[in-house]
Every structure is written in structure tokens, then in C-alpha cells.
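What follows is a single structure, written as C-alpha cells, with notes after it.
For clarity, every value in this text was computed on a predicted model and none was experimentally measured. Order of the sequence lines fixes the chain letters, A, B, ..., with proteins taken first and strands second; residue numbering starts at 1 for each chain.
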There are 2 protein chains.
Amino acid sequence: MPIQKVTKQEVVTQALLLFKKRGYHRTSMADLAAACGLLKGSFYHYFSSKEALMKEVLEAVHSYFKAKVFVIAYDESFAPRERLEKMLAKQIKVACATEGGCLMGNMAIETALVTDEFRPVMRAFFDEYLKALAHVYSGKYDALKARQLAEQAMVEYEGAWIMVKLTDSSHYLQDVLERAMLRFDADEKQ
Amino acid sequence: MPIQKVTKQEVVTQALLLFKKRGYHRTSMADLAAACGLLKGSFYHYFSSKEALMKEVLEAVHSYFKAKVFVIAYDESFAPRERLEKMLAKQIKVACATEGGCLMGNMAIETALVTDEFRPVMRAFFDEYLKALAHVYSGKYDALKARQLAEQAMVEYEGAWIMVKLTDSSHYLQDVLERAMLRFDADEKQ
DNA sequence: GTCTATAAAACGATAGAC
DNA sequence: GTCTATCGTTTTATAGAC
């Protein structure tokens with residue numbers, strides 16, 4: 001085997017960083033290749049197209065969240081309330097670790113009405129995300145209410161990123177976490 | 001004097017439709033000109049650049065919301081609760097009238113980390129939006145709580161669009177409205 | 001020699017600007 | 001319409017590991 005400058009894994013990681021920060025259409029293959037120390041032509045030995053690369057990035061994000069975030073919701077070594085707090089805190093921590101917020105949310109906004117290519121993986125991500133959150137809330141609420149609370153936490157989180165990006169102040173994310181906990185603690189009635 | 005095929009107003013309106021649906025980077029000047037029945041060359045008679053055009057579109061949206069949406073919050077001929085419901089319903093109606101959701105939210109996600117050009121007008125929009133919502137909630141809550149409730153309604157609304165775009169089901173927007181009303185009706189304590 | 005990851009060059013299409 | 005630049009992509013050539 002000839003010398004390989006980077007692994008496919010590293011390419012996906014670099015692409016994730018760029019796509020998160022600059023979006024899909026504003027990130028060129030030359031940018032992506034340069035981030036890996038390659039020329040854009042060489043890039044096609046790893047991926048057949050920019051679209052295929054983005055799909056792999058989205059799938060990698062989904063896998064990561066399954067293994068590191070969603071899994072918390074089903075960890076019975078913690079009480080439901082603790083799981084909720086840990087899962088949301090982990091999600092915020094992961095998203096804040098690199099620039100650009102939530103890639104899935106960003107791509108939904110940027111591409112959902114332009115191409116159907118990424119829709120299945122994005123829908124699968126948010127489906128599992130909502131199921132995980134609803135599972136935690138179902139520790140205290142009935143299935144319908146749990147689902148509603150999950151959807152509420154999710155849309156609050158995604159919307160908060162708009163304000164974070166515009167104001168560079170991250171308190172909006174912490175507020176989402178706090179409100180999700182308050183709703184967990186609140187009485188079932190109303 | 002040469003005949004002007006379309007007014008600047010109409011160009012801004014057509015651009016708004018395209019930018020909402022396809023985003024900033026995926027919309028070309030040729031697309032925009034074609035939507036107005038103009039040749040590419042004629043387009044720069046109206047605007048000096050694509051950036052300048054987008055800025056005018058964003059300002060037009062801001063003006064429209066001031067006159068048609070935010071103004072509801074300050075209309076003393078209705079009770080605060082009615083104003084809240086009318087304002088949120090109007091905002092949803094306006095956004096749903098054409099494809100693409102909320103242009104301000106879309107552009108914040110797509111461009112905020114790529115260019116500073118649009119940030120001032122987007123921040124001004126959300127500032128006034130939050131002020132309007134907080135003003136309504138302040139009919140029943142203290143200033144801090146009113147501001148928090150305003151921020152919550154706003155981030156819920158923006159995040160809901162992600163699910164609407166991915167699932168083509170608009171119940172997420174109605175849920176945002178209903179929860180905002182429930183929070184208005186709720187007791188001040190907790 | 002074969003295989004393969006890279007660089008290099010060039011493709012057609014399309015971008016924004018004039 | 002024309003310009004120049006750049007886009008995503010493809011092709012060709014090179015160089016090193018078997």
C-alpha cells in the first residue's frame with residue numbers, strides 16, 4: 001500500500017468542522033481537501049462526490065450521537081431526571097466544542113428545500129433524538145406528554161442556536177437546559 | 001427616459017421568495033434576474049451586488065414585520081393575551097404564505113459565521129421581535145420573566161421550522177403558539 | 001511489473017460582476 | 001452578452017509500496 005496522507009476517518013472529521021462552520025454550499029472541495037493537506041482532485045479517491053461526503057459526515061454525526069448522547073437516555077444506572085440533565089448537557093458540550101452549532105439543524109435549514117438527498121439521514125437523526133428525550137420524560141409522564149416535552153426541548157435547542165450565532169452569547173443554550181429540567185420537575189397537571 | 005420593466009420593490013419581493021426557498025448561496029443572480037423577467041445585465045441597475053440586494057431584502061422584511069406583526073404587541077385596543085395570540089398567529093401566517101420558513105432565521109444559520117454583512121440587520125430584527133413579545137408578556141409578568149418568556153417563544157418558533165422543513169407537517173408551529181398561550185395563562189409562580 | 005494515493009492539469013458549467 | 005474566477009468533477013501522470 002502506498003503512503004496515505006490521511007485516513008478516511010480524518011477526512012470526515014475535517015469535513016465536519018468545515019461544514020459546521022461554513023455550511024454546505026459555501027464550503028468548496030478545495031477547502032475540504034486543503035484542510036486534509038490534499039488537492040481537490042485527490043479527494044475523489046475517498047468520496048465519489050461532495051454530496052456523498054456530506055452524507056457520510058451526517059451519518060458519522062448520527063453514529064456519534066447514538067453512542068455518546070442518545071445512549072444516556074437509556075442508561076438505567078441513573079434516575080430519569082439525571083439522564084435528562086446529562087443528555088442535554090452532553091449535547092450542548094459536544095456542539096459547543098467546535099464552531100457552528102448543530103450540523104443537523106444547519107443542514108436542515110440550508111438544504112431541506114433544495115435537495116432530498118440529506119433528508120433521510122437528518123430525519124433519522126431527529127427521530128432517534130426525540131425518541132431518546134421522550135423516553136426520559138416517560139419516566140414521569142405519559143407517552144403523549146413525554147413526546148410533547150421532547151419536541152419542545154428539541155425545537156428550543158435548535159432555535160437557541162440562532163441567537164447564539166447572532167449574539168455570541170451562549171446563555172440561550174443554558175436556558176434551554178434549565179427550562180427542560182423545570183418542566184421535568186413540574187406537576188403533571190397542566 | 002428608458003422604461004423600467006419592474007420596480008425595485010418588485011425585485012426585492014421576488015428576491016425574498018427565492019432567498020427564502022433556496023437560501024443565499026444556492027440562489028444565483030441569474031435565478032433572481034429571471035424571476036423578475038430581466039437580463040442579468042439589467043440587474044445591476046437596481047443593486048450594486050448580491051450582498052447589497054440581500055441586505056435590502058432583509059431590511060424590507062424587518063419593515064414589514066414592524067408594520068404588520070410587531071405593531072400588534074403595542075395595540076392597546078386588545079388585551080395583552082389577545083395581542084400575544086394575534087401576533088404569533090400573524091407571524092406564522094406570514095411565514096407560511098410562501099415557502100422557506102423564516103428568512104431571518106435561515107440567514108442567521110447560513111451566513112452568521114461566514115460574513116458579518118447581514119448581522120446588524122438580523123440582530124435588529126430579533127431585538128425588536130423580542131421587545132415586542134416581552135412587551136406583551138409584561139402585561140402580566142415582571143420585566144425579567146417577560147423577557148425570558150419572549151426568548152422562549154422565539155427560539156421555539158425558529159427551531160420548529162427545522163421539523164417543519166424535514167417532515168412537511170406544520171403542527172410544530174401550532175404547538176409553539178399553544179405553549180406560548182399556556183405560559184401566558186399560567187400562574188406567575190414557577 | 002502491479003497497485004494505489006497523490007499531484008497536476010484540464011474539463012464543462014456556472015458563479016458574480018460589468 | 002461578456003468577462004474572469006471558481007465551482008465540482010474527471011483525467012493523466014507520477015511516485016512509492018508491494
Side-chain angles (χ1 to χ4, degrees), chain A residues 1-59 103 106-107 110-111 113-118 121, chain B residues 2-6 8 10-59 100 103 106-107 110-111 113-118 121:
Chain A
M1 266 240 284
I3 298 161
Q4 195 170 306
K5 277 186 153 183
V6 291
T7 66
K8 189 162 178 173
Q9 249 271 31
E10 288 166 340
V11 173
V12 170
T13 301
Q14 290 301 317
L16 167 60
L17 293 178
L18 279 174
F19 281 140
K20 259 190 73 167
K21 188 176 172 184
R22 317 242 324 153
Y24 181 69
H25 297 104
R26 189 73 178 239
T27 304
S28 70
M29 294 299 272
D31 294 335
L32 292 160
C36 302
L38 296 172
L39 293 179
K40 60 175 177 173
S42 316
F43 224 66
Y44 286 80
H45 276 267
Y46 294 87
F47 301 96
S48 60
S49 68
K50 190 182 180 185
E51 251 183 21
L53 169 56
M54 176 54 99
K55 261 195 234 180
E56 288 215 35
V57 169
L58 292 174
E59 278 158 13
L103 180 72
N106 296 351
M107 287 305 103
E110 188 183 344
T111 72
L113 266 60
V114 166
T115 173
D116 291 333
E117 273 299 311
F118 310 135
V121 55
Chain B
I3 300 162
Q4 195 166 283
K5 278 182 97 172
V6 293
K8 192 163 175 171
E10 289 166 336
V11 173
V12 170
T13 301
Q14 291 301 317
L16 167 60
L17 295 178
L18 279 174
F19 282 141
K20 259 190 72 167
K21 187 176 174 184
R22 317 243 323 153
Y24 181 68
H25 297 106
R26 190 72 180 243
T27 304
S28 71
M29 295 300 273
D31 293 336
L32 292 160
C36 301
L38 294 173
L39 296 175
K40 282 201 294 179
S42 320
F43 215 71
Y44 284 82
H45 168 72
Y46 295 88
F47 301 96
S48 60
S49 68
K50 190 182 180 185
E51 247 183 24
L53 169 57
M54 176 54 99
K55 259 195 237 183
E56 289 216 35
V57 170
L58 293 174
E59 278 157 13
L103 180 72
N106 296 351
M107 288 306 103
E110 188 183 344
T111 72
L113 267 58
V114 166
T115 173
D116 292 332
E117 273 299 310
F118 310 134
V121 55

*asked:* Rounded to whole Å, how long is the line connecting atom NE2 of A/His45 with atom C1' of C/dA8?
replied: 12 Å
_Measuring to OP1 and OP2 of C/dT6, would you say a side-chain N or O of A/Lys5 lies under 4.0 angstrom away?_
no
*asked:* Measure CE/B/Met54 against C1'/C/dA17 and give the value in whole Å, please.
replied: 18 Å
*Side chain of B/Lys50: nearest nucleotide among D/dG8, C/dA17, D/dA17?*
C/dA17
*Does A/Ser42 make a side-chain N or O approach to OP1 or OP2 of C/dA7 shorter than 4.0 Å?*
yes
*Do the non-hydrogen side-chain atoms of A/Lys20 and A/Leu16 ever get within less than 4.5 Å of each other?*
yes
_Over all strands shown, is B/Phe43 touching base, sugar-phosphate only, or nothing at heavy-atom distances under 4.0 angstrom?_
nothing
*Return the set of residues passing side-chain hydrogen bond (donor to acceptor under 3.5 Å, both in side chains) with A/Thr13 (not counting sequence neighbours), or none when no residue passes.*
none
*Please list, by residue number, the residues of residues 15-40 of chain B whose heavy atoms come closer than 4.0 Å to an atom of DNA chain C; answer none if no residue qualifies.*
B/Thr27, B/Ser28, B/Met29, B/Lys40
*asked:* I want to check a possible cation-pi pair here: B/Lys50 against B/Phe19, using under 6.0 Å from ring centre and within 45° of the ring axis as the test.
replied: no
*Cationic tip of A/Lys8 within the cone over A/Phe47's six-membered ring, i.e. under 6.0 Å and within 45° of the normal?*
yes
*Are any of A/Tyr44's side-chain N or O atoms less than 4.0 Å away from OP1 or OP2 of C/dA5?*
no
*Audit row: A/Gln14, A/Leu18, side-chain contact (heavy atoms from CB on, under 4.5 Å) steps and yes/no*: CA-CA 6 Å; A/Gln14 290 301 317; A/Leu18 279 174; 5.8 Å; no
*Measure the spacing between CG of A/Leu103 and CE of A/Met54 and express it to the nearest 0.5 Å.*
5.5 Å
